[in-house]
Amino acid sequence: MSSETAVGDFGLIGLAVMGQNLILNAADHGFTVVAFNRTVSKVDRFLENEAKGKSIVGAHSIKEFCSKLKKPRRMMMLVMAGKPVDDFIELLLNEGGIEEGDIIIDGGNSHYPDTNRRTQYLAAKGIRFVGTGVSGGEEGARYGPSIMPGGNAEAWPYIKDVLQGISAKSDGEACCQWVGDEGAGHYVKMVHNGIEYGDMQLICEAYDIMKRGLGLSNKEMGDIFSQWNKGVLDSFLIEITRDILYFNDEDGSPLLEKIMDSAGQKGTGKWTAINALDLGMPVTLIGESVFSRCLSSLKQERGRASKLLSGPTPNFTGDKQKFIDDLEQALYASKIISYAQGFMLMQNAAKEYKWKLNKPEIALMWRGGCIIRSVFLKDITTAYRNNPELENLLFDDFFNKAIHNAQEGWRNVVAKGALWGLPTPCFSTALSFYDGYRAENLPANLLQAQRDYFGAHTFKIKPEFANEKYPEGKDIHVNWTGRGGNVSASTYNA
Ligand code: NBP
């Protein structure tokens, strides 16, 4: 095909909900987009309908797709994560005729180790690979998602105009910045999704307490979420929860109460929790939010357990409005903990994987376009802009004060949940983390003693008790019973 046909500024493979909307978004921003899809009939359907009259051209083969793109080619895939991404890479290499310097962007929810592998594989062939998180669902893709690109940094100057052009803006700043090397973009998107799991579960716990603990109607709960959306909790997820609570079915009753209480998941929350375990980071809130979905999915078994296992019945007395204010504080404080944990994880991953992550920019990228967008992320951006080396979000003055002020209400809610027999896994784990994190002394001394008692796993002595018998910094084993030997196990941490 002649070079006159190379009209495309940007190519997109994958015409499902995300791909189609991102193409329309890019066309609105003045880019000529070339569209392709595995099932080619979808290309024509798209061109005849949504894409009609726009600067969008179709391709019916991968060769045609590549030939219609200006060089260096800028191509994005929005296909199901996993094998389809590898298959398309091979097609582009073997049949598309892509060349050195061309750029392939994977915008799907790929697992970051796959992105590490693909970046290296393609770099060896002179192809620049970028793995980017895209968040915001259908509407975000159409009008401005949060975009988190990472991978081969050489690609960034060539794709910055397109990605920042189509991304959401927050206070005039693009919610799209270069995240870091290899799988860093997909890693940050994974943590974003984990945090999204946590935010959603926290809201569900507040709903449960209002419904079963306070006996509020859906309209009353909708009014409360509407109120909360004007304060510190102002966010997309609080806003849609308000709308869901107000939504009535045709028979006039709330649709929400007809929906099966068994949650699904597509894996990104689980990946975050597994990675936190691998890195030894106490990201407890995301972990609990994943387990909460698992527990909910045991619907049949829970039905049987509800008839066999006893517990208290919620019985609220006192000032309802005061308790609702406490609940708002519990949600706010737990959310602060969740984000603090998420940033602890990313900070550690950056160290472990030797990425240079830009924390203020990450918070900025999440401020608009994505599912966890909120006013609160502006405060996180400010905290990290004030001090990019901030050891922990909780050490920032603003958040330190915020969590201090929220404590009384937070503790009251967790205590009432326990007394009423209502589960609050994320409120509770957030509070336990907070109390553990701020404790200079934890009972891990006993744990170490137990480990040494039964397995000769050794312990270290507190510096103030060090002496000749118990030297400071050394691995010590004691013969606790007089029966064991003096040989200790080798010391390593898994
Ligand atoms: P889907 O995740 O439903 O994927 C559909 C696309 O993948 C279609 O183009 C389909 O082609 C293609 N595909 C499949 Br399925 N199997 C294939 C295979 N074996 N080989 C080649 N192509 C294959 O689409 P989506 O919901 O638009 O999401 C796209 C990506 O963006 C995913 O990775 C998703 O996780 C991520 N994401 C989605 C959202 C969201 O809100 N939906 C948000 C953020 C990120 P076909 O038409 O021929 O079947």
Side-chain angles (χ1 to χ4, degrees), residues 11-26 33-47 49-51 56 58-62 65 75-96 104-115 118 129-150 163 166-168 175-176 179 183 185-197 200 236-237 240 264-272 365-366 368-373:
L12 203 139
I13 299 172
L15 295 184
V17 59
M18 294 300 283
Q20 288 202 14
N21 282 294
L22 216 74
I23 292 175
L24 295 171
N25 180 352
V33 190
V34 185
F36 181 65
N37 192 66
R38 174 183 64 164
T39 307
V40 178
S41 57
K42 289 188 186 168
V43 177
D44 292 323
R45 208 178 314 145
F46 180 56
L47 291 178
N49 294 286
E50 296 86 350
I56 300 166
H60 296 85
S61 70
I62 204 79
F65 173 76
M75 304 158 272
M76 186 182 229
M77 282 186 267
L78 268 162
V79 297
M80 195 174 81
K83 193 171 173 294
V85 176
D86 289 312
D87 289 350
F88 267 120
I89 289 174
E90 291 309 315
L91 263 183
L92 286 166
L93 286 170
N94 301 324
E95 291 181 28
I104 303 176
I105 308 167
D106 170 20
N109 270 339
S110 296
H111 199 194
Y112 74 93
D114 288 335
T115 309
R118 290 169 185 146
F129 186 72
V130 172
T132 184
V134 177
S135 175
E138 182 176 359
E139 200 171 314
R142 180 67 186 87
Y143 299 107
S146 164
I147 305 182
M148 300 153 241
L163 297 190
I166 62 176
S167 78
C175 296
C176 170
V179 178
H186 274 137
Y187 185 88
V188 166
K189 171 68 184 349
M190 177 189 80
V191 177
H192 161 283
N193 282 28
I195 288 178
E196 181 182 307
Y197 271 56
M200 291 167 77
F236 173 71
L237 283 169
I240 66 164
Q265 48 180 318
K266 283 193 168 168
T268 41
K270 183 177 82 179
W271 291 347
T272 316
M365 274 185 280
W366 294 349
C370 62
I371 305 298
I372 61 170
R373 63 182 179 263

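Residues: numbered from 1 along the sequence shown. Indexing begins at 1, ligand by ligand and atom by atom, following the structure's order.
Of the protein's non-hydrogen atoms, Val17 CG1, 3.4 Å is the one closest to atom 26 (O) of ligand 1. Scanning the protein for heavy atoms near atom 22 (N) of ligand 1, the closest one is Phe88 CE1, 3.5 Å. Scanning the protein for heavy atoms near atom 46 (P) of ligand 1, the closest one is Thr39 OG1, 3.5 Å. Counting protein heavy atoms only, atom 14 (C) of ligand 1 is closest to Arg38 NH2, 3.7 Å. Here the protein heavy atom with the shortest distance to atom 28 (O) of ligand 1 is Met18 CG, 3.7 Å. Distance from atom 24 (O) of ligand 1 to its nearest protein heavy atom, with residue and atom name: Ala16 CB, 3.3 Å.
Under the side chain to side chain contact (heavy atoms under 4.5 Å, CB included) test applied with Met76, the options Thr132, Ile23, Ile13, Val33 reduce to a single match, Thr132. Tested against Ile62, the residues Glu95, Glu90, Arg38 include a single side chain to side chain contact (heavy atoms under 4.5 Å, CB included) partner, Glu95.
Every atom of ligand 1 with a heavy atom of Leu15 under 4.0 Å away is listed here by number and element: 9 (O). Within ligand 1, the atoms closer than 4.0 Å to a non-hydrogen atom of Gly14 are 9 (O), numbered from 1 in the order shown. Annotation for ligand 1: atoms under 4.0 Å from non-hydrogen atoms of Lys42 are 46 (P), 47 (O), 49 (O). The ligand atoms of ligand 1 that sit less than 4.0 angstrom from a heavy atom of Gly137 are 41 (O). For ligand 1, the atoms closer than 4.0 angstrom to any heavy atom of Val134 are 44 (C), 45 (C).
The side-chain heavy atoms of Ile89 and Met77, taken from C-beta on, include a pair separated by under 4.5 Å.
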Trace of the side-chain contact (heavy atoms from CB on, under 4.5 Å) decision for Met365 with Val179: CA-CA 10 Å; Met365 274 185 280; Val179 178; 3.6 Å; yes
Chi angles and distances behind the side-chain contact (heavy atoms from CB on, under 4.5 Å) call for Lys266, Asn109: CA-CA 10 Å; Lys266 283 193 168 168; Asn109 270 339; over 6 Å; no
Pair Ser110-Asp106, side chain to side chain donor-acceptor pair (under 3.5 Å): steps then yes or no: CA-CA 8 Å; Ser110 296; Asp106 170 20; 2.4 Å; yes
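Side-chain N or O atoms of Asn193 include none that pairs as donor or acceptor with a backbone N or O of Thr268 at under 3.5 Å. The main-chain N or O of Gly108 is found under 3.5 Å from a side-chain atom of His186 such that the two form a donor-acceptor pair.
The line from CG of Leu12 to CG of Asn25 is 11.0 Å long, rounded to the nearest 0.5 Å.
Considering Val43, Leu78, Val79, Asn21 only, the shortest heavy-atom separation from atom 32 (C) of ligand 1 involves Val79. One option in Glu138, Glu139, Met80 has a heavy atom closer to atom 7 (O) of ligand 1 than any other, and that option is Met80.
Using the six-membered ring where Trp is involved, His192 and Trp366 have ring planes that are perpendicular, over 60° apart on the 30 and 60° scheme.
Polar contact check, Asn109 against ligand 1: a nitrogen or oxygen pair lies under 3.5 Å apart.
Within the structure, the closest approach of Asn37 to ligand 1 falls below 4.0 Å when heavy atoms are considered. The shortest separation from a heavy atom of Ala81 to ligand 1 is under 4.0 Å, placing the residue in contact.
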